[in-house]
Amino acid sequence: MCGIVGFTGTRPAQGILIEGLSRLEYRGYDSAGVAIYQDGKLEVVHRKGKVSSLAHTLGHFNFEGACGIGHTRWATHGRPSEANAHPHTSCDGRIAVVHNGIIENFADLREELQAAGHSFTSDTDTEVVPHLIEQALRDGAPDLLSAVRSACERLVGAYALAVVSADEPGTIVATRKDSPLVVGQGAEGAYVASDIIAMIDATRDVVVMNDGELAKLTPEGVTYYTAAGQVIEDPRVTHVDWNLDVAEKGGYPDFMLKEIHEQPRVIR
Ligand code: GLU
């Protein structure tokens, strides 16, 4: 399971995503990518190898869009390659998804979606997710949040997901099951990440999401929902008062101790 970062706010997302992904590099990864909303569509760029290579490519584009998601991938399904790097998109390219974890029933879902006319461009388990969301919208889901909710009802496995849609500019929908995800609100917008260190410069008040919960991030703020779709009125905010050096080690004095304490969760 590797890294996720997302931002929606009042500043261009590109630099924030690259900075966040760089903070997550310590986990190891094989490729990196972003999807940024700009001028009515999603600009998706991924590269095999380092975040610096992605940053170099993005430097040619300098996207101004203020909403986007980014990912560093540690391949579990499909070899490390540009085609398998996240974000993955729907057939029409209007939905993009980054995912940490493993979708165990992806083969059945892929077969079902292909039979319904969806075409796939990667070998990943992840790619079923944007197609399931697209299908949910075709089947009448009223918005991205509901479509992500109904897609997740079909998933077996572990996931942290961040999703954007060109049809809901400025919105990121995030959810998780058995894979960590935190959400925070800074002065310039809302952040989602798989690790607090990706957003610690912007905010120290974060919501550590529980399994099955969803978050809808917009430049105006974040709304949290239960798996059943009810608004969570009073989400539990955790204040982080570590400095960056300590935060990178999750509050532990060194990486070895952090990884020892992570073992129960990883094994589960
Ligand atoms: N299973 C997904 C893949 O192979 C996500 C891997 C990850 O967590 O980075 O693309």
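Everything numeric here is computed off the predicted structure, so don't read it as measured data. Atoms within a ligand are numbered from 1 in the order they appear, just like the ligands themselves.
Of the residues listed (N100, L181, L214, L161), the one engaging R176 in a side chain to side chain contact (heavy atoms under 4.5 Å, CB included) is L181, and it is the only one.
Heavy-atom proximity to W74, at under 4.0 Å, picks out these atoms of ligand 1: 6 (C), 7 (C), 9 (O). Interface of H77 with ligand 1, defined as ligand atoms under 4.0 Å from a residue heavy atom, comprises 4 (O). Ligand 1 places these atoms under 4.0 Å from at least one heavy atom of H71: 9 (O). Of all the atoms in ligand 1, the ones that sit under 4.0 Å from a non-hydrogen atom of C2 are 7 (C), 8 (O), 9 (O).
Sorted by first then second residue, the ring pair (Phe, Tyr, Trp, His ring centres under 6.0 Å) pairs that include residues 179-207, not counting sequence neighbours, are F7-Y191.
Taking distance alone, with nitrogen or oxygen atoms compared against 3.5 Å, N84 stays at or beyond that limit from ligand 1. Residue T124 has no N or O atom closer than 3.5 Å to an N or O atom of ligand 1. Remark: ligand 1 and A75 share no N or O pair separated by less than 3.5 Å (distance only, no angle test).
In this structure H239 satisfies the ring pair (Phe, Tyr, Trp, His ring centres under 6.0 Å) test with no other residue, sequence neighbours excluded.
Rounding to the nearest 0.5 angstrom, the gap separating the CD atom in Q14 from the CD atom in E64 is 9.0 Å.
Counted within 6.0 Å of NE2 on H56, heavy atoms from surrounding residues, nucleotides or ligands total 12 or fewer; the atom is thus considered open.
Taking 4.0 Å as the cut-off, G78 does not count as a neighbour of ligand 1 on heavy-atom distance.
The side chain of T126, and not its backbone, has at least one atom closer than 4.0 Å to an atom of ligand 1 (non-hydrogen atoms only; side chain from C-beta on).
With ring centers used as reference points, Y37 lies 6.0 Å or more from F63.
The pair D167-R94 counts as a salt bridge, with a side-chain nitrogen and a carboxylate oxygen less than 4.0 angstrom apart.
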